[in-house]
Every structure is written in C-alpha cells, then in structure tokens.
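All of these numbers come straight from a predicted model, not from anything done at the bench. In the text below, chain A, chain B and the rest are named by the order of the sequence lines, each starting its count at 1.
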Protein chains: 2
Amino acid sequence: MDRWSRTHEALSQAALSLFAERGYDATGTAQIAERAGVSEMTLFRHFSSKEALLLADPFDPLIADAVRARPVNEQPMRAVVEAVREAWAGLDAESTAALRVRLRMVAAASGLGGAIERNSEETITALIGALADRGVATVTARVAAKAVISGLGVALLDWALSENDCLGDALGRALDVLGGADNA
Amino acid sequence: MDRWSRTHEALSQAALSLFAERGYDATGTAQIAERAGVSEMTLFRHFSSKEALLLADPFDPLIADAVRARPVNEQPMRAVVEAVREAWAGLDAESTAALRVRLRMVAAASGLGGAIERNSEETITALIGALADRGVATVTARVAAKAVISGLGVALLDWALSENDCLGDALGRALDVLGGADNA
DNA sequence: CCTCAATTGTTAGTGACTAACATTAGAGTT
DNA sequence: AACTCTAATGTTAGTCACTAACAATTGAGG
C-alpha cells in the first residue's frame, strides 16, 4: 500500500463517515479533507468531484466479459440485460449492504439525480466495447448501454429505499422490463 | 405577452446568441443577464440553472398522450418507444434545425453529459403517469421511461454531430434498439 | 548522503447559485 | 388621475465546489 493508496483510502473513509453523520449536502469538501488529514487540493487530485467520493463506480467492469459470453446473434438490449443479470448474481451480503447505504445517501441528497450514471462511465464504455466486438454499430451500442445502465440506476435507487426487498429480485424485474418482457 | 414572458424570452435569446458566439463554457451567467438587460438574480428566477437556458425541454409532453393511445396489453418499453416514434413524426424542418444547433452546443460543452435527461424530467414524469394509467407498476414505469429517454438522448447527440443524417431515421434506429429489435 | 520524481501544500481565484430585504413597475379600482 | 396591491426585479453579500500556478516535502533508489 503506497502513499497514494493510503490517502485515497483515508479520504474515502472520511467522506463516508461524514456523509453518514451530517448528510451529503451538509458536508463540505474542506471538512472531508480535514478529517483525512490532508489539504482540500489533494482531495480533488484523488477524486474528480465531491460525488465521486460517494459513488466510486459500484458497477463491475466484468459485465463487459459477460456480454462477450452471450450468443452472438442476440439482440443488443437483451444481451446487455442478461449480462448484467449474470454479473450481479454473485454479490455477497456485505457488499450489498454497503451499496444500500451509499444509495440511500444518494437518494437523500439533492442534486444527485443522474449521479449514478455519471459515475458509471467506465462501465458504459466497457459495455460499448463489448457490443462493438459483436459487430453492433457504435451508435446502437451506445444507446443500448446507456439505456440499460440508466434504467438500472432507477431500479437500484428504488431498491435502496425499500426495506424488505431482495436486490436480485429488484434487478431481475427491472432487467425484465428493459429486455422487453411483458410486466404489467 | 406579459412582463414575465418578455424577460424570459430576452434571457433565452441572450443566452443562445452568447453561446453561439463564445461557446457555452466561456459564457458567464452575468454576461447573459447583462445582454438581456436584467440582473443576474432575475436570471436564476427564470431558469433554475445555466444549462436550463440551453435545454428548455425540447421534448414534448404530448408523448404521454401517445402512450395512452397504445394498445393496453403492450409491453411497457415497446409502448413508450412507439409513442415517442409517433410523437416525433410531426416535427417541422425549422424546429429540427434549431434542435440540432442546441444539441451541438451541448456536445461541444464540457460537463453537460446527462444534461438532456436532467432537463427532460417533465417528460419522464409524464411518461410515468401515462404508464401508471395502464396499470404498470410504478417502479417498472420509472425504469422504462428513464431508459428510453436516456437512450434517446444518446441518439439525439449522435444525430446532431452527424452531418447528413435524417432525424427520423436516427430516432427510428435508436427506438428499434430500445424496443428490442434485432439490429446488429 | 544525494537525487529525482511523485505527492502534497499554499494561495488566490473563478463562477454558479442562494438568502434576505428593499424597490419598482403596472394592471385594476375608484 | 391618484391609489393600491401584487408580481417582478434589484441589491448586497455570501457559500461552496472546483481550478491554476508555484513552492515545499516526502520517500525510494543509487
């Protein structure tokens, strides 16, 4: 663990604890830097924005590999949907709980609409690449990737706010909708 | 045309002309207010943000009505997709050209990713309402509406940057993908 | 011990956006 | 024409995320 990783971790910890205590909006970047024992400038060298401290890409880039494993002649939307379904199947209880905490903060904060997609750029890019490998046109790939991730973001927020719902079920329902299933 | 509408129009005009001259990023809200002959405070009373000056809801709320006109047992995604297709069919050449200009500014500016969806909240809300009237679950409705609008935003940006492409064709291809067609 | 590059600190600033309160314009009434 | 009352605007002073330029420091390898 080099110096960079240490401060990176310290900043993340400081941010999450402060967000939990006072809420996202009421927490300033200066306070986060102070608790991490670091200057504010350093904070922005490690995280491009304040919201990046809360949403450090919870989505997994292994989704792209799952897309590549789908049947070649499958429709783009369905391929992405099924890939996401498989990729999210193996998520332990601990990560799930942590994700829920983070997403609840997103929901509680004002002005964080679309924050999930904004911080899923890497995942979207990976998805586009995987679809391109299947011979899908670039525009088509971008449309499908963005649509699925955006829809998924809505479902994730809804799940995080609900109390007794299983993540797998919530995602499954959303993916059914996105894939064109007949959910009325 | 009352006073409110006049300043509203003046602000919109001032903003668009300045964006065209110096670009979005290089234009400050103070300059816009000055050219409109108005204080900066008034600007924010008329437009909730700087980007709202560029993206004053180009999407039509009549999309919701088109959803209501779709067959009741149609899948949510397909219903929304087809409704959008119909709603955008009647768009004159002038509006199309103006839309292209605006979207090119969006593409040129930095930090305006997701700006389209952010300013389509009303359309999304309307879509959700229309889907709810069909008996679709609220989560399902939100997922479908958000996914379609997000995917559509990507297609719109791509169309705006391309030179010789017909808007109807571009939208049609995107909607096919979103609806689950077999576009490889 | 020295060097050099990576990492961090300092300072000063920009620009979008907000709050509280004073001021004006303008349509309707008498 | 004077009067009123509300919508609309102005003023001031501020907050806060984020950036640029440059100086200082840490730490690993020679």
Side-chain angles (χ1 to χ4, degrees), chain A residues 1-19 21-56 105-106 108-119 121, chain B residues 1-19 21-56 105-106 108-119 121:
Chain A
M1 190 118 128
D2 50 0
R3 193 149 61 122
W4 178 271
S5 306
R6 269 202 306 274
T7 42
H8 200 84
E9 196 61 29
L11 280 167
S12 185
Q13 296 286 342
L16 290 179
S17 60
L18 278 169
F19 291 161
E21 291 171 19
R22 320 180 191 188
Y24 178 85
D25 291 324
T27 303
T29 54
Q31 301 174 25
I32 300 173
E34 187 187 1
R35 177 168 293 194
V38 137
S39 86
E40 198 178 357
M41 187 70 238
T42 297
L43 186 155
F44 284 106
R45 279 197 266 252
H46 281 256
F47 296 90
S48 59
S49 67
K50 182 184 170 186
E51 64 178 52
L53 280 159
L54 185 52
L55 292 168
M105 291 182 187
V106 174
S110 74
L112 249 57
I116 298 177
E117 300 135 83
R118 236 172 289 149
N119 292 83
E121 270 309 315
Chain B
M1 189 115 128
D2 51 359
R3 192 151 61 123
W4 178 271
S5 306
R6 269 201 307 272
T7 42
H8 200 83
E9 196 61 29
L11 279 167
S12 185
Q13 295 287 341
L16 289 179
S17 60
L18 278 169
F19 291 161
E21 291 170 20
R22 320 181 194 187
Y24 178 84
D25 290 324
T27 303
T29 54
Q31 300 173 26
I32 300 173
E34 188 187 0
R35 176 167 293 193
V38 138
S39 86
E40 199 179 356
M41 188 68 238
T42 297
L43 185 155
F44 285 106
R45 279 197 264 253
H46 280 256
F47 295 89
S48 59
S49 66
K50 182 184 169 186
E51 63 178 52
L53 280 159
L54 185 51
L55 293 166
M105 291 182 187
V106 174
S110 74
L112 249 57
I116 299 176
E117 299 135 82
R118 234 171 293 149
N119 292 83
E121 270 308 317

**Request:** Kindly say whether B:Gly113 contributes a backbone atom to a donor-acceptor pair with the side chain of B:Arg118 at under 3.5 angstrom?
**Result:** yes

**Prompt:** To the nearest angstrom, how far is A:Phe44 atom CZ from D:dC16 atom P?
**Reply:** 13 Å

**Item:** Closest listed nucleotide, where the reference is the side chain of B:Lys50 and the choices are C:dA16, D:dC18, C:dG9
**Value:** C:dA16

**Item:** Sub-4.5 Å side-chain heavy-atom contact between A:Leu43 and A:Leu53
**Value:** yes

**Request:** With heavy atoms under 4.0 Å as the rule, sort A:Ser39 into base, sugar-phosphate or nothing.
**Result:** base

**Request:** Kindly compute the distance separating CD1 (B:Ile116) from CG (B:Leu55), expressed to the nearest 0.5 Å.
**Result:** 6.5 Å

**Message:** Between A:Ser17 and A:Gln13 (side chain of the first, backbone of the second, donor and acceptor by atom type, cut-off under 3.5 Å), is there such a pair?
**Reply:** yes

**Request:** Find the distance A:Glu40:CD to C:dG13:C1' and express it as a whole number of Å.
**Result:** 13 Å

**Item:** Rounded distance (nearest 0.5 Å) linking atom CG of A:Asn119 with atom CD of A:Glu51
**Value:** 5.0 Å

**Asked** Rounded to the nearest Å, what distance is computed from the CG atom of residue B:Leu112 to the P atom of nucleotide C:dG15?
**Response** 17 Å

**Message:** Within the structure provided, determine whether A:Glu9 and A:Arg6 are in side-chain contact (heavy-atom separation under 4.5 Å).
**Reply:** no

**Asked** What is the distance, rounded to the nearest whole Å, between atom CG of A:Leu18 and atom P of D:dC16?
**Response** 14 Å

**Message:** Taking any heavy-atom pair under 4.0 Å as a contact, classify A:His46: base, sugar-phosphate, or nothing.
**Reply:** sugar-phosphate

**Prompt:** Should the pair B:Lys50 and B:Phe19 be classed as cation-pi, given the thresholds of under 6.0 Å to the six-membered ring centre and 45° from the axis?
**Reply:** no

**Prompt:** Which letters describe nucleotides 21-30 of chain D, given B = protein heavy atom under 4.0 Å from base, S = only from sugar-phosphate, - = neither?
**Reply:** -----B----

**Asked** Phosphate oxygens OP1/OP2 of C:dT8: is one of them under 4.0 Å from a side-chain N or O of A:Thr7?
**Response** yes

**Euclidean distance, atom OH of residue B:Tyr24 to atom C1' of C:dG15 [Å, nearest integer]** = 11 Å

**Message:** If I take atom CZ in residue B:Phe19 and atom C1' in nucleotide C:dA16, what distance separates them, rounded to the nearest angstrom?
**Reply:** 12 Å

**Asked** In Å and rounded to the nearest 0.5 Å, what is the CG to CD distance from A:Leu18 to A:Gln31?
**Response** 6.0 Å

**Asked** If you check every side-chain atom of B:Trp4, which of C:dA16, D:dC18, D:dA8 has the closest atom?
**Response** D:dA8

**Request:** Using the closest heavy atom to pick a nucleotide of DNA chain C for each, name whichever of B:Gly28 or A:Asp2 lands nearer the 5' end.
**Result:** A:Asp2

**Asked** B:Thr27 near the nucleic acid: base, sugar-phosphate alone, or nothing, with a heavy-atom cut-off under 4.0 Å?
**Response** sugar-phosphate

**Prompt:** Given atom CG of B:Leu43 and atom C1' of C:dC17, what is their separation to the nearest angstrom?
**Reply:** 10 Å

**Item:** For atom CG of A:Leu54 and atom C1' of D:dA17, their distance in whole Å
**Value:** 16 Å

**Complete:** Rounding to the nearest 10°, end axes of the helix from C:dC1-D:dG30 to C:dT30-D:dA1 built from five pairs each make an angle of 0°

**Asked** Which distance, rounded to the nearest 0.5 Å, do you find between the OH of A:Tyr24 and the CG of A:Leu112?
**Response** 5.0 Å

**Asked** When rounded to the nearest 0.5 angstrom, what distance separates OG1 in B:Thr42 from NE2 in B:His8?
**Response** 13.0 Å

**Item:** Per A:Thr42 side chain, nearest of listed nucleotides C:dG9, D:dT19, C:dC17
**Value:** C:dG9

